[in-house]
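Here, residue 1 is the first one in the sequence, and each next residue gets the next number.
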Amino acid sequence: MTAPRSFRRRWAPFLLVVAIVFVPALAVVSTIVADRLGYCVNNILPGELGLNVDPYVQNVTETSASVVWRSAAEKEGLVRWQGPEEQVSEMALEPSRLQVARLVDLEPATQYSYTVYIGELEFAGTLTTAPPATTSVTIAALGDSGTASQAQYDVAAQLRLASPDLVLHTGDVVYRRGALCHYGPKYFAPYGEMIRHVPVYPAIGNHDLMAADGRAYFESFDLPSASGSKSEAYYSFDYGPVHIVSLSSEVYESGTAADVGAQRAWLESDLADNDRPWTIVTIHRPPYSSTSGKTSESVRDDLVPVFEAFEVDLVLSGHAHNYERTNDINGVVYIVTGGGGADLYDVGTSEWTAHSAREHHFVRIDVSPDALEVVAISRDGTIFDQISIDR
């Protein structure tokens, strides 16, 4: 049965106006809600998600480094690089959306310039290979950052001013679900200038794994592979006088007993072979935190005895959106650095607390063969905590 013609004439314009106003508004509201919940609207629409990311540096050793980029469509790539002797090397890559160019046969502690050609586009940057163990280095560390907030951008500006040789990230790189479409505005935009020259080494956090089991995280970071592990969820590398280990706290939340045992066994073997003067560990969930509900008892029970037995010097974690440094606990100092940009949590004190603060911040670590100095720097550049550890 059809409506009378007079009814259609009377109500059709009204219904048309409602459709014109309401449907786009509903689409906008749905998109905003999806974004706040950490879902990518692109992922539920037909077609594949495209994301353009300018070239950036990853996985730097004394003799090699990676240059990584992403294109919305499959494209060929060409990389040219040269060191101080101005001998030019180049590498051509087959068409792909995600490109990882591994530059090899480099010299230690040497700056190289590189140029990437993607179709008609040209990008330039520099990278510096890792120095030997006798050299001093500057490391920055932060966590729980990826919200595209003003606080994140303020901390990123202070990071650039610190001129670190590398950056350690304590996890939750991109909120809320670590989705690929959010890496652009919440990771590559805030740090784009820095990462053209400086490598970032993350520890995987709970939010990093929510979308597609961490696919965007594992694709965005070209990391060292731990011997015998299933992925880059945990790994280690040497940089100057420091041996750096990145562990997965999430294996205690969603892994099996076998997964937990495999990581611990690998860690013990890795630390037994360590010959660097200093050892720094990063892990997302902290073994010690005065923020309600943020301490991981599983990490503390399983890994703290290993840290102590192998004389780890410093353990960095996130998860609690604030700053907290412990006293020396059986030779190990623990620092929560989770103030990289996400909304802050209140923090109290515990029997182990040396200093705590509700601050957006990052940590600068200056390391020589004989000394390790940690400085906590707020989003406005103020130093609000520091400690020196001597051999």
Looking only at atom types and distance, does a side-chain atom of Ser96 sit under 3.5 Å from a main-chain N or O of Gln99, one as donor and one as acceptor? no
Exam field: side chain Thr295 to backbone Pro287, donor-acceptor pair closer than 3.5 Å: no
With a 4.5 Å heavy-atom cut-off, do Val281 and Leu316 have their side chains touching? no
Would you call the rings of His355 and Phe384 parallel, tilted or perpendicular if under 30° counts as parallel and over 60° as perpendicular? tilted
Are the side chains of Ser89 and Gln82 in contact, using a 4.5 Å heavy-atom criterion? no
Leu121 and Phe123: CA distance, side-chain angles, deciding distance, side-chain contact (heavy atoms from CB on, under 4.5 Å) verdict: CA-CA 7 Å; Leu121 301 176; Phe123 303 90; 3.7 Å; yes
Would you call Glu250 and Arg285 a salt bridge, using N to O less than 4.0 angstrom? yes
CG of Asp105: more than 12 outside heavy atoms within 6.0 angstrom? no
Does Val200 form a side-chain contact (heavy atoms from CB on, under 4.5 Å) with Tyr191? I'd like the steps, not just the answer. CA-CA 10 Å; Val200 176; Tyr191 309 121; over 6 Å; no
Measure from the side-chain N and O atoms of Ser71 to the backbone N and O of Lys75, and report whether any donor-acceptor pair falls under 3.5 Å. no
Do Leu78 and Val88 share a hydrophobic cluster (ILVMFWY, side-chain heavy atoms under 4.5 Å, transitive)? no
Side chains of Asp259 and Gln263, donor plus acceptor under 3.5 Å: no
Considering the options Val137, Val367, Val198, which one meets the side-chain contact (heavy atoms from CB on, under 4.5 Å) requirement together with Asp165? Val137
If only atom types and distance count, is the side chain of His197 paired as donor or acceptor with the main-chain N or O of Leu127 below 3.5 Å? no
Heavy atoms from other residues, nucleotides or ligands near CG of Asp343 exceed 12 (cutoff 6.0 Å): no
Are Asp370 and Ser368 linked by a side-chain donor-acceptor pair shorter than 3.5 Å? no
Is it the case that the side chain of Arg177 and the backbone of Met210 share a donor-acceptor pair, with hydrogens and angles ignored and the cut-off at 3.5 Å? yes
For the student: nearest non-hydrogen atoms of Gly341 and Thr147, plus distance: O-OG1, 3.2 Å
Do Val60 and Phe237 share a hydrophobic cluster, counting only Ile, Leu, Val, Met, Phe, Trp and Tyr and linking them when any side-chain heavy atoms are less than 4.5 Å apart? yes
Would you call the rings of Phe188 and Tyr56 parallel, tilted or perpendicular, where under 30° means parallel and over 60° means perpendicular? tilted
Asn322 pairs by side chain to side chain donor-acceptor pair (under 3.5 Å) with which of Thr291, Asp144, Thr337, Asp346? Thr291
Ignoring hydrogens and geometry, is there a side-chain-to-backbone donor-acceptor pair from His360 to Arg379 under 3.5 Å? no
Determine whether Ile329 and Val299 fall in the same hydrophobic cluster, where Ile, Leu, Val, Met, Phe, Trp and Tyr are linked whenever their side-chain heavy atoms lie under 4.5 Å apart. yes
Would the number of heavy atoms belonging to other residues, nucleotides or ligands and lying under 6.0 Å from CG of Asp213 be above 12? no
Would one find more than 12 heavy atoms of other residues, nucleotides or ligands at under 6.0 Å from atom CD of Glu297? yes
Check this for me: does any side-chain nitrogen of one of Arg364 and Glu373 sit under 4.0 Å from a carboxylate oxygen of the other? no
Can a donor-acceptor pair be found, under 3.5 Å and without considering hydrogens, that links the side chain of Asp208 to the backbone of Asp172? yes
Where do Phe362 and Val155 land on the side-chain contact (heavy atoms from CB on, under 4.5 Å) test, with the steps shown first? CA-CA 7 Å; Phe362 77 99; Val155 173; 4.1 Å; yes
Hey, are the side chains of Val315 and Phe307 touching, using non-hydrogen atoms and a 4.5 Å cut-off? yes
Before giving the answer on side-chain hydrogen bond (donor to acceptor under 3.5 Å, both in side chains), spell out for Asp154 and Gln150 the whole-Å C-alpha distance, their side-chain angles and the decisive distance to 0.1 Å. CA-CA 6 Å; Asp154 290 346; Gln150 186 58 53; 2.8 Å; yes
Would you call the rings of His284 and His319 parallel, tilted or perpendicular, taking 30° and 60° as the class edges? perpendicular
Closest non-hydrogen contact found for Tyr183 with Gly178 is CE1-O, 3.7 Å
For ring pair (Phe, Tyr, Trp, His ring centres under 6.0 Å), just list the numbers for Tyr201 and Tyr239, CA-CA rounded to whole Å, side-chain angles, deciding distance to a tenth of an Å, and then say yes or no. CA-CA 12 Å; Tyr201 295 87; Tyr239 200 96; 7.7 Å; no
On a heavy-atom basis, the closest approach of Tyr187 and Pro190 is O-CD, 3.2 Å
Leu142 and Leu159, any side-chain heavy atoms less than 4.5 Å apart: yes
Report yes or no: does Thr134 contribute a side-chain atom to a donor-acceptor pair with the main-chain N or O of Pro132 at less than 3.5 Å? no
Do Leu223 and Phe218 touch side chain to side chain, with heavy atoms closer than 4.5 Å? no
Count I, L, V, M, F, W, Y as connected when their side-chain heavy atoms are under 4.5 Å apart, and connections chain through other members. Are Val167 and Val67 then in the same cluster? yes
If every non-hydrogen atom of Pro241 is compared with every non-hydrogen atom of Pro277, which pair is closest and at what distance? O-CD, 3.1 Å
Criterion side-chain contact (heavy atoms from CB on, under 4.5 Å) on Thr326 and Ile335, from CA distance to verdict: CA-CA 6 Å; Thr326 72; Ile335 291 180; over 6 Å; no
What about Tyr234 and Val306, same hydrophobic cluster or not, with Ile/Leu/Val/Met/Phe/Trp/Tyr joined at side-chain heavy-atom distances under 4.5 Å? yes
Looking at Glu62 and Thr129, would you say the former's side chain and the latter's main chain have a donor-acceptor pair under 3.5 Å? no
Could you check whether any side-chain heavy atom of Tyr217 comes within less than 4.5 Å of a side-chain heavy atom of Ile204, counting everything from C-beta outward? yes
Is it true that Arg264 and Asp302 have a side-chain N and a carboxylate O under 4.0 angstrom from each other? yes
Hey, is CZ on Arg215 packed in by over 12 heavy atoms from elsewhere, all under 6.0 Å? no
With no hydrogens and no angle check, just 3.5 Å: does a side-chain donor-acceptor pair link Asn59 and Ser66? no
Close side-chain approach of Ser289 to Glu324, heavy-atom, < 4.5 Å: yes
Going by distance alone, is a donor N or O of one side chain under 3.5 Å from an acceptor N or O of the other, for His243 and Thr279? no
Would you call Arg80 and Tyr114 a side-chain contact if the rule is heavy atoms closer than 4.5 Å? no
Donor-acceptor pair, distance only, cut-off 3.5 Å: does the side chain of Thr353 make one with the backbone of Ser350? yes
Taking everything shown except Gln87 itself, do over 12 heavy atoms lie less than 6.0 Å from its CD? no
Please report whether the ring centroid of Trp352 lies less than 6.0 Å from that of Tyr288. yes
